[in-house]
Amino acid sequence: MAPDRLTEVLDATYDCLTRYGVRRTTVDDIAGAMNVSRSAVYQYVRGKDDAFRRLAERLHDRALERARRAASADAPPTTRVRGVLEAKLALVLELAGDSPHTAELLDEKARLFGDICHRFTADLRALLIGVFTESGLRGPGTAAADTARAGAGEAEGAADADADAVGAAEAADIGIALVLGLESVPGGERLLAPAVDALVAGLLGGAAERAGR
């Protein structure tokens with residue numbers, strides 16, 4: 001399979017999506033957008049459904065690669081978390097802005113690419129968990145465990161600290177919930193930076209405060 005030719009097929013599929021939506025697009029439409037025959041399209045995709053799945057995978061993979069670069073950057077936790085969430089928000093805003101139909105590629109309930117959307121969100125969550133873990137965010141139970149090793153005299157204080165502790169996984173869920181909320185807010189891209197700044201400062205600052213109790 002020629003990668004460049006497949007790219008042309010997927011570009012044509014996206015063009016048809018913006019005009020007709022998933023349901024109304026046909027292989028003939030894709031072929032017409034490329035100025036090739038229907039049989040030529042079938043050399044690179046198995047049909048309309050395959051073309052749309054490959055298109056959704058391409059768009060989500062690009063956004064995920066951007067998020068991975070942000071997560072692994074040599075930068076403060078706030079910058080890394082913001083970069084991961086920006087990758088998701090940018091994808092949503094890009095698709096929502098091109099056409100009323102293009103947002104169909106983000107539908108987690110869609111038969112064709114719901115699993116792609118779910119996997120993308122799960123991958124972003126894993127990246128966020130990694131960033132928060134590396135930043136020293138610890139979940140419930142860790143303070144008590146540390147105190148047990150140090151001595152029983154501080155166990156009661158550790159239990160109190162644990163009661164309010166937010167772990168890396170929960171912090172990642174909060175981050176995902178934050179960006180999901182901003183996706184539907186006008187000007188959400190402008191609110192992301194201050195929202196993430198406040199979120200990370202609260203999470204990591206709270207963890208530091210509990211550690212000092």
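FYI, side chains are in, hydrogens and waters are out, and symmetry mates aren't considered; it's all heavy atoms of this structure.
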Can you see which heavy atom on [X] is nearest to which on [Y], and at what distance?
{"X": "A90", "Y": "R66", "result": "CB-NH1, 3.2 Å"}
{"X": "R125", "Y": "A172", "result": "O-CB, 3.7 Å"}
{"X": "L124", "Y": "I176", "result": "CB-CD1, 4.2 Å"}
{"X": "A168", "Y": "F132", "result": "CB-CB, 3.9 Å"}
{"X": "P77", "Y": "L204", "result": "CB-CD1, 3.9 Å"}
{"X": "R19", "Y": "A33", "result": "NH2-CB, 4.1 Å"}

What I'd like to find out is whether the side chain of [X] reaches to under 4.5 Å of the side chain of [Y], using heavy atoms alone.
{"X": "L106", "Y": "F113", "result": "no"}
{"X": "L127", "Y": "V131", "result": "no"}
{"X": "K88", "Y": "F120", "result": "yes"}
{"X": "V45", "Y": "R54", "result": "yes"}
{"X": "C117", "Y": "H60", "result": "yes"}
{"X": "R53", "Y": "D115", "result": "yes"}
{"X": "T133", "Y": "L137", "result": "no"}
{"X": "L85", "Y": "L128", "result": "yes"}

Nearest-0.5 Å distance, [atom1] of residue [X] to [atom2] of residue [Y]:
{"X": "D15", "Y": "I30", "atom1": "CG", "atom2": "CD1", "answer": "10.0 Å"}
{"X": "D197", "Y": "T78", "atom1": "CG", "atom2": "OG1", "answer": "5.5 Å"}
{"X": "L55", "Y": "T7", "atom1": "CG", "atom2": "OG1", "answer": "11.0 Å"}
{"X": "D107", "Y": "L95", "atom1": "CG", "atom2": "CG", "answer": "12.0 Å"}
{"X": "L203", "Y": "L199", "atom1": "CG", "atom2": "CG", "answer": "4.5 Å"}
{"X": "L178", "Y": "E183", "atom1": "CG", "atom2": "CD", "answer": "10.0 Å"}

List the steps and the verdict of side chain to side chain contact (heavy atoms under 4.5 Å, CB included) for Y14 and D98.
CA-CA 10 Å; Y14 190 83; D98 283 349; 2.4 Å; yes

Side chains of R38 and Y42: any donor to acceptor distance under 3.5 Å?
yes

Under 3.5 Å: donor-acceptor pair, side chain of [X], backbone of [Y]:
{"X": "K48", "Y": "V22", "result": "yes"}
{"X": "K109", "Y": "G114", "result": "no"}
{"X": "T79", "Y": "A75", "result": "no"}

For R62 and E57, run side chain to side chain contact (heavy atoms under 4.5 Å, CB included): C-alpha distance rounded to whole Å, both residues' side-chain angles, the deciding distance at 0.1 Å, then the answer.
CA-CA 8 Å; R62 287 176 177 174; E57 287 174 344; over 6 Å; no

If hydrophobic clusters are built by linking Ile, Leu, Val, Met, Phe, Trp and Tyr wherever their side-chain heavy atoms come under 4.5 Å apart, do L91 and V196 end up in the same one?
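Looking at the clustering, V196 is in the same group as L91.
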
Are L64 and I129 co-members of a hydrophobic cluster defined by side-chain heavy atoms under 4.5 Å apart?
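As far as the 4.5 Å side-chain criterion goes, L64 and I129 are not connected within one cluster.
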
Derivation and outcome, side chain to side chain contact (heavy atoms under 4.5 Å, CB included), residues T26 and Y20
CA-CA 9 Å; T26 66; Y20 311 124; over 6 Å; no

Using a strict 4.0 Å threshold on nitrogen-to-oxygen distance, state whether D29 and R24 make a salt bridge.
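Here D29 does not pair with R24 in a salt bridge, since their nearest N and O are not under 4.0 Å apart.
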
Verdict with reasoning, E86 to L192, per side chain to side chain contact (heavy atoms under 4.5 Å, CB included):
CA-CA 8 Å; E86 277 178 347; L192 180 63; 3.1 Å; yes

